[in-house]
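Data block below; observations after.
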Amino acid sequence: MNPPIITLTSDFGPDLFVGQMKGVILGVCPRARLVDLSHGVASQDVWGGALVLEQILGVFPAGTVHLAVVDPGVGSQRRGLAIAALGQYWVGPDNGLFTPPLRADPGAKAYHLTNARYFRPTVSATFHGRDVFAPVAAHLARGVSPASLGPEVADPVRLEWPLPRRDNDALRGQVLFADRFGNLITNLERGLVEEFLDGRPARVELGGLVVEGLSSCYAAAAPGQPLALFNSLERLELAINNGDLSGKLGLSPLGARGAPVLVRAGEQTRQAR
Amino acid sequence: MNPPIITLTSDFGPDLFVGQMKGVILGVCPRARLVDLSHGVASQDVWGGALVLEQILGVFPAGTVHLAVVDPGVGSQRRGLAIAALGQYWVGPDNGLFTPPLRADPGAKAYHLTNARYFRPTVSATFHGRDVFAPVAAHLARGVSPASLGPEVADPVRLEWPLPRRDNDALRGQVLFADRFGNLITNLERGLVEEFLDGRPARVELGGLVVEGLSSCYAAAAPGQPLALFNSLERLELAINNGDLSGKLGLSPLGARGAPVLVRAGEQTRQAR
Amino acid sequence: MNPPIITLTSDFGPDLFVGQMKGVILGVCPRARLVDLSHGVASQDVWGGALVLEQILGVFPAGTVHLAVVDPGVGSQRRGLAIAALGQYWVGPDNGLFTPPLRADPGAKAYHLTNARYFRPTVSATFHGRDVFAPVAAHLARGVSPASLGPEVADPVRLEWPLPRRDNDALRGQVLFADRFGNLITNLERGLVEEFLDGRPARVELGGLVVEGLSSCYAAAAPGQPLALFNSLERLELAINNGDLSGKLGLSPLGARGAPVLVRAGEQTRQAR
């Protein structure tokens, strides 16, 4: 049987908190394969953690367990959850982190982590990542049924997800995040954009920036030129070939989030690239 | 048999030096599970490395090997050591890095790494992490006895550990380090503090900052309010709920280290939280 | 049989792009051992990526697969390659990244990745690391022959490698990179330097900095003193004991690259250390 996979996401930074969670996991499930997704989520930025989880939907094999800890409410009354969705599992605090799998799978089930048999013997008030979520994730990886972790809950916390709007003359979306290269990833999915354009050329606007036409890849634009394309998430993305668009626009990673992006039908013929 | 675990700690940064050590380890012990604890120790900060190791005492399963390299004296006459303590192993330079396991286990044994059979065939003068400590750690993980690595030594280097003092009216400790969230972790352990307070309410002082009462978790204080609590290491910690205390106090990570912290008996009734 | 090793190098930063590649790899080759070399290569800095790969030649066991993605031309006509050299494999874009193994092994073979059977079912235009190179690396780790990936190519892209020059009175090299400690690593190999010196003492010059004699290790110089030594790559390196030479010289990591370094025969007797 293949070794189980556990991914890790947190706002802990590249620091020993993560190592402690891994030590606990390997004590429970020594065969687990551990994959760090991101520990660079901004401190206590639940929305940023949810975006990380959204981007890996569909990438990992069936049965993967995703441990995610962005947990400003640790030790308070906020619940701990295990989510079963899309043939995979998510474990962490009930604060909206798991909105992406809950949105993606209408049949998702959420379980309140109440069975202390799957926790560390002593649970601290400040580090449930190590004392609750890590051992629970490891037990799931060993084959423990999520239903044995605690009662099913009907109302896991969900973040309000920003959805595009369509007017007569424009598709209105927003920037979800800026990546390390300064590329701006939007909430506009390829299918929606193509349906709106219906064969017409695209004109993409962000603040004062206007990009005419869609490129097939970064290198299709001249170096230093802004461009728009559908990225590896099948999302509309604004970028500069060989450049840093968010830096050029003076947007910080958190400042870029939510910036309005418009797609209109362009006046020029679509650029063949 | 479970695959052996080897943790890694260094001041190398997230860079390829660490990858080279892992390549050497897997060449000797292909089944080893590798867990990074921290490679963000400040350059040549032996004390910072020791604090990392102190925080994971008791977290990893029996038999774990901890490879730690903060090694300004590499290539000089400083010894290389393997330590056997608490049912686990530590490997690295003899410069005080291993003070935590030596303090924690009075029966700890230290061995001078002299048996070149367990080194790489060629040992450089600047990277014993790769050429000596990584292969030694891997051989320990494979089951080699520490006594076969070299002669036992009676005087491994120990750092002077800052201990709290108790006056008539106060318990005097200090900040050990600031974590990524700006929380300040002290050397005041729960048992000592509770014994001193003997049921009286606590008043915690750091410079001009005064915190009345102990909180059970971060969220028990109002957002932006300073608080004190016992953290996941069972240590007294000062923090701001949803905030960055060390930043607010203008303390750099290294500047925070050693700042005096006082616990007195407070005048108010203990805040029930 | 030992589990196969796959190393990862990129300019993605410590971010979830790397995690996505790992998810894909483990889906194809669940037993693979994954080792991050560096994800801190400057954005689109192909030369920086090649230097990472150069430094681990000879460190990993036979059969290791090295996945490297610094890929400004993703989605364009640039080829994807698998290289077989030195008993190991390299996978990534054909842009010069793999110059080190191509230089090191005259019998190296390069294959154009054309067999889509070894790709993900859908290949995006912006993330071949996840959709092409990761699954190809995983298939190589499982034992797929490189020749089955596509036709052999005779002209993989090679970077022009900076070679030292020897005058009558000096050996002229350059800085290849600055490491995290501010040490400056040159392209002057020990054999070449020792042949040039032929027993004479060394005088090493970098800009206005002059270092007389070679040290055996960092600690052989007084704290704060500049020194020169042969490092763990058997390369001439300039450093300051307990200090940051590139910082002191005002050189940024990229600014240091290419700075001329001269070795002359010194006038003093060699310092015995």
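Quick note on labels: first sequence line is chain A, next is B, and so on, each numbered from 1.
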**Complete:** Applying a strict 4.5 Å limit to non-hydrogen atoms, the region of A:Arg130 in contact with chain B is side chain
**Message:** Taking the six-membered ring for Trp, are B:His66 and B:Phe98 closer than 6.0 Å centroid to centroid?
**Reply:** no
**Prompt:** Once you round to the nearest 0.5 Å, how far does CD of B:Glu237 lie from CG of B:Leu227?
**Reply:** 8.0 Å
**Message:** Given B:Thr9, which partner from the list B:Leu37, B:Ile56, B:Leu97, B:Leu67 fulfils the side-chain contact (heavy atoms from CB on, under 4.5 Å) test?
**Reply:** B:Leu37
**Complete:** Rounded to the nearest 0.5 Å, the CG atom of B:Asn183 sits from the CD1 atom of B:Ile240 at a distance of 9.0 Å
**Message:** Is A:Phe12 close to chain B through its backbone or its side chain, or both, or neither, when contacts mean heavy atoms under 4.5 Å?
**Reply:** both
**Message:** Quick check on B:Asp36 against chain A: is it the side chain, the backbone, both or neither that has a heavy atom closer than 4.5 Å?
**Reply:** backbone
**Message:** Among B:Pro61, B:Ser232, B:Cys217, B:Ala219, which residue has the highest count of heavy-atom pairs closer than 4.5 Å to chain A?
**Reply:** B:Ser232
**Message:** Using side chain to side chain contact (heavy atoms under 4.5 Å, CB included), reason through B:Leu176 and B:Arg235 one step at a time and then give a plain yes or no.
**Reply:** CA-CA 10 Å; B:Leu176 289 179; B:Arg235 292 271 175 70; 3.5 Å; yes
**Asked** Quick one: what part of B:Asp244 sits under 4.5 Å from any heavy atom of chain A, side chain, backbone, both or neither?
**Response** neither
**Request:** Go through the atoms of B:Leu8 and report whether side chain, backbone, both or neither lie under 4.5 Å from a heavy atom of chain A.
**Result:** neither
**Request:** Quick one: pull up OH in B:Tyr218 and CD in A:Gln44 and give me the separation to the nearest 0.5 Å.
**Result:** 9.0 Å
**Request:** Pick one of side chain, backbone, both or neither for A:Val74, based on which atoms fall under 4.5 Å of a heavy atom in chain B.
**Result:** both
**Item:** Between B:Thr64, B:Asp179, B:Asn241, B:Thr7, the one whose heavy-atom pairs under 4.5 Å with chain A are most numerous
**Value:** B:Asp179
**Request:** Verify side chain to side chain donor-acceptor pair (under 3.5 Å) between A:Arg78 and A:His128, making sure each step is shown before the conclusion.
**Result:** CA-CA 11 Å; A:Arg78 73 100 188 85; A:His128 286 192; 3.2 Å; yes
**Message:** Less than 4.5 Å to any heavy atom of chain B: does that hold for the side chain of A:Asp11, its backbone, both, or neither?
**Reply:** both
